[in-house]
Amino acid sequence: FALIKSIEENPDSPYVRDTFYLHSKTRYFYDNFVLPVGSILKNMKESDYKAKLLMAYEQKLTKFEKDAGY
């Protein structure tokens, strides 16, 4: 859960300083942080938590993509 939460709280996240207008920086964060978080979650061992975490991640991913204009 901390990884999902860090998408918005990481100091490099565009959410911290509302810097979505910096398209290159936003794309870099998306490609090198947001998407790898999804990879980590998808490679987790099967459990009840995995499904819940993946659902939370998908919501955060959709919100990020909307906010970034992707």
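Values reported hereafter were calculated over all heavy atoms of this structure, with side chains retained and with hydrogens, waters and symmetry mates removed.
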Is any side-chain heavy atom of Val16 closer than 4.5 Å to a side-chain heavy atom of Asn10?
no
So how far is it from Ser13 OG to Asp18 CG, rounded to the nearest 0.5 Å?
10.0 Å
Is there side-chain contact between Tyr49 and Leu54, with at least one heavy-atom pair below 4.5 Å?
no
Look up atom CG in Leu41 and atom CE in Met55, then write down how far apart they are to the nearest 0.5 Å.
13.0 Å
Under the salt bridge (charged side-chain N to carboxylate O under 4.0 Å, His left out) rule, what do Lys52 and Asp48 come out as? Steps first, then yes or no, please.
CA-CA 7 Å; Lys52 291 177 184 177; Asp48 295 336; over 6 Å; no
Report the residue from Phe33, Phe29, Tyr28 that forms a side chain to side chain contact (heavy atoms under 4.5 Å, CB included) with Asp12.
Phe29
Give a yes or no on this: more than 12 heavy atoms of other residues, nucleotides or ligands lie within 6.0 Å of atom NZ of Lys50.
yes
Mark yes or no for whether Thr26, through its side chain, and Ala68, through its backbone, hold a donor-acceptor pair below 3.5 Å.
no
Nearest heavy atoms of Lys63 and Tyr15, plus distance in Å
NZ-CE2, 3.4 Å
Rounded to the nearest 0.5 Å, what's the gap from CD1 on Ile7 to NZ on Lys60? Could you check?
7.0 Å
Measure the spacing between CZ of Arg27 and CZ of Phe20 and express it to the nearest 0.5 Å.
12.0 Å
Within this structure, what is the CG-OG1 distance for the pair Asp67 and Thr62, rounded to the nearest 0.5 Å?
10.5 Å
To check you understand the geometry: which heavy-atom pair defines the closest contact between Pro36 and Asp31, and what is its length?
CD-O, 3.4 Å
Would you give the length of the straight line joining atom CG of Leu3 to atom CG of Leu53, rounded to the nearest 0.5 angstrom?
9.0 Å
What orientation do Tyr30 and Phe64 show, parallel under 30°, tilted 30 to 60°, or perpendicular over 60°?
parallel
